[in-house]
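I have placed the structure first, in the form of structure tokens, so that the comments after it can refer back to it.
Positions are given from 1, in the same order as the sequence printed here. These numbers come from the heavy atoms of this one structure, side chains and all, not from hydrogens, waters or symmetry mates.
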Amino acid sequence: KGDSAGTISIEPLLGFGGRRNRLNRKVRQTIQRAERKLVIFTPYFNLPKVLTRDIAKALKRGVQIEITVGDKTANDFYIADEAKFSTIGIIPYIYEILLVRFVKRWKKYIDKGQLHIRVWKHDSNSFHLKGLIADERYHLVTGSNLNPRAWSLDLENGLAIDDHKGELIAKVNEEMQHIYRHT
């Protein structure tokens, strides 16, 4: 944990189930500690209610929030061929409906320029990026989809990185610009 100069600390996390889940707690702490800016990447827009509440509180505190989510066609469950459609293929459309509802509910923050929603799409590629960045210092890279299933049922992992001196942010911003080219 931490490098030799003590400027970057890394905490490995494991979470399972809804109770005493260290990873879920760290996700919430990352959102709650954001003072200026919060960046969220998630492949599916189906946030647990508690995360939606934490995001709402962050918006009310004046935090700038960017959420990048995969387009329905970049979803692992998307079925392009209508002839092969099955019930599981409805999932991307449900996530799209949830995103539209979220946008409508928090439209005043979008209009103020405080909330930015980015939808990622690039050819026929899928989008499966997951993580958070708070104030360009706290980074959480995780396998969790940040959805109710991952939040309460799945075994998930992650790395919480505290970049005390901002040594990683130039590379992180460079990577984010590559991602944002397709939003």
Side-chain angles (χ1 to χ4, degrees), residues 1-3 6 8-35 37-59 61 63 65-72 74-79 86-99 101-102 105-106 117-120 125-164 168-169 171-172 175-176 179:
K1 197 172 179 180
D3 68 0
I8 298 173
S9 62
I10 301 173
E11 177 185 4
L13 297 163
L14 187 68
F16 178 69
R19 295 176 180 243
R20 295 184 298 278
N21 185 316
R22 289 182 54 223
L23 179 60
N24 291 355
R25 272 197 312 272
K26 186 59 80 169
V27 170
R28 292 197 67 204
Q29 288 169 356
T30 303
I31 295 169
Q32 292 166 354
R33 78 177 353 149
E35 296 175 359
K37 185 175 180 181
L38 177 67
V39 179
I40 300 172
F41 295 100
T42 185
Y44 316 120
F45 197 84
N46 184 18
L47 298 173
K49 288 179 182 165
V50 68
L51 289 188
T52 301
R53 284 194 301 268
D54 288 341
I55 290 169
K57 289 176 184 175
L59 286 168
R61 296 196 298 276
V63 177
I65 299 178
E66 293 180 12
I67 300 173
T68 301
V69 63
D71 178 77
K72 73 175 167 272
N75 188 298
D76 295 337
F77 300 108
Y78 179 73
I79 301 170
S86 70
T87 310
I88 197 79
I90 199 163
I91 290 175
Y93 296 93
I94 292 170
Y95 294 154
E96 184 178 58
I97 290 166
L98 294 172
L99 179 61
R101 286 181 186 163
F102 182 88
R105 182 171 182 193
W106 303 107
I117 306 292
R118 299 175 186 269
V119 179
W120 187 95
N125 298 306
S126 66
F127 179 85
H128 214 73
L129 185 59
K130 309 162 208 176
L132 299 95
I133 304 167
D135 297 332
E136 297 187 332
R137 175 180 172 176
Y138 304 102
H139 307 262
L140 183 58
V141 181
T142 181
S144 175
N145 288 321
L146 304 179
N147 63 18
R149 178 191 169 105
W151 203 255
S152 60
L153 296 174
D154 294 346
L155 176 64
E156 301 286 359
N157 60 22
L159 294 174
I161 303 165
D162 185 350
D163 182 15
H164 305 278
L168 300 174
I169 199 61
K171 286 288 189 189
V172 168
E175 183 65 24
M176 286 175 25
I179 295 164

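In Leu153, the CG atom is crowded: over 12 heavy atoms of neighbouring residues, nucleotides or ligands sit closer than 6.0 Å. Sparse packing is recorded around CZ of Arg101, with 12 or fewer heavy atoms of other residues, nucleotides or ligands lying under 6.0 Å away. More than 12 heavy-atom neighbours from other residues, nucleotides or ligands sit within 6.0 angstrom of CZ on Arg25. Applying the 6.0 Å contact sphere to CD of Glu35 captures no more than 12 heavy atoms from other residues, nucleotides or ligands.
Counting all heavy atoms, side chain and backbone alike, Leu13 lies closest to Ala160 at CD1-CB, 3.9 Å. A pairwise comparison of heavy atoms in Arg61 and Ala34 identifies NH2-O, 2.9 Å as the closest pair. Ile67 and Phe45 make their closest contact through CG2-CE1, 4.2 Å (heavy atoms, listed as atom of the first residue, atom of the second, distance). Between Leu23 and Asn21, the shortest heavy-atom contact is N-OD1, 3.0 Å. Of all the heavy atoms in Pro148 and Pro48, the pair that sits closest is N-CG, 4.0 Å.
Without hydrogens or angle criteria, Asn24 side chain to Trp151 main chain gives a donor-acceptor distance under 3.5 Å. At least one donor-acceptor pair closer than 3.5 Å links the side chain of Thr142 to the backbone N or O of Asn157. Not a single donor-acceptor pair under 3.5 Å links the side chain of Arg118 to the backbone N or O of Phe41. Judged purely by atom type and a 3.5 angstrom limit, Arg33 has no side-chain atom pairing as donor or acceptor with the backbone of Asp135. The main-chain N or O of Asn145 is found under 3.5 Å from a side-chain atom of Thr42 such that the two form a donor-acceptor pair.
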Does the pair Ile117 and Phe102 meet the rule for a side-chain contact (heavy atoms from CB on, under 4.5 Å), with working shown?
-> CA-CA 10 Å; Ile117 306 292; Phe102 182 88; 4.0 Å; yes

Chi angles and distances behind the side-chain contact (heavy atoms from CB on, under 4.5 Å) call for Ile133, Met176 | CA-CA 11 Å; Ile133 304 167; Met176 286 175 25; 3.6 Å; yes

Using the side-chain contact (heavy atoms from CB on, under 4.5 Å) rule, take Ile40 and Leu47 through it: C-alpha gap first, then chi angles, then the decisive distance, then the call.
-> CA-CA 11 Å; Ile40 300 172; Leu47 298 173; 5.5 Å; no

Working for side-chain contact (heavy atoms from CB on, under 4.5 Å), residues Tyr44 and Ile91 = CA-CA 9 Å; Tyr44 316 120; Ile91 290 175; 5.9 Å; no

Stepwise ring-ring contact (aromatic ring centres under 6.0 Å, His included) test for Tyr138 and His164 | CA-CA 8 Å; Tyr138 304 102; His164 305 278; 8.1 Å; no

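Taking CG of Leu51 as the reference point, atom CG of Asn46 lies at 10.5 Å (rounded to 0.5 Å). With values rounded to the nearest 0.5 angstrom, Ser9 atom OG is found 11.5 Å from Leu159 atom CG. Here CG of Asp54 is found 10.5 Å from CD of Gln29. Values are rounded to the nearest 0.5 Å.
In this structure the side chain of Ile31 never reaches within 4.5 angstrom of the side chain of Arg28, judged on heavy atoms. With contacts defined as side-chain heavy-atom distances shorter than 4.5 Å, the pair Asp163/Val172 does not qualify. Within the 4.5 Å cutoff, the side chain of Thr68 has no heavy atoms near those of the Leu129 side chain.
Identified under the salt bridge (Lys or Arg N to Asp or Glu O under 4.0 Å) test for residues 145-162, with sequence neighbours left out: Arg137-Asp162, Arg149-Asp154.
A salt bridge links Lys37 with Glu66; the closest basic N to acidic carboxylate O contact falls under 4.0 Å.
Under the side chain to side chain donor-acceptor pair (under 3.5 Å) criterion, Asp71 pairs with Thr73, not counting sequence neighbours.
The side chain to side chain contact (heavy atoms under 4.5 Å, CB included) with His139 is formed by just one residue from the set Ile169, Thr30, Leu132; it is Ile169.
Aromatic ring pairs are classed by plane angle as parallel below 30°, tilted from 30° to 60° and perpendicular above 60°; the pair Tyr93 and Tyr78 is tilted.
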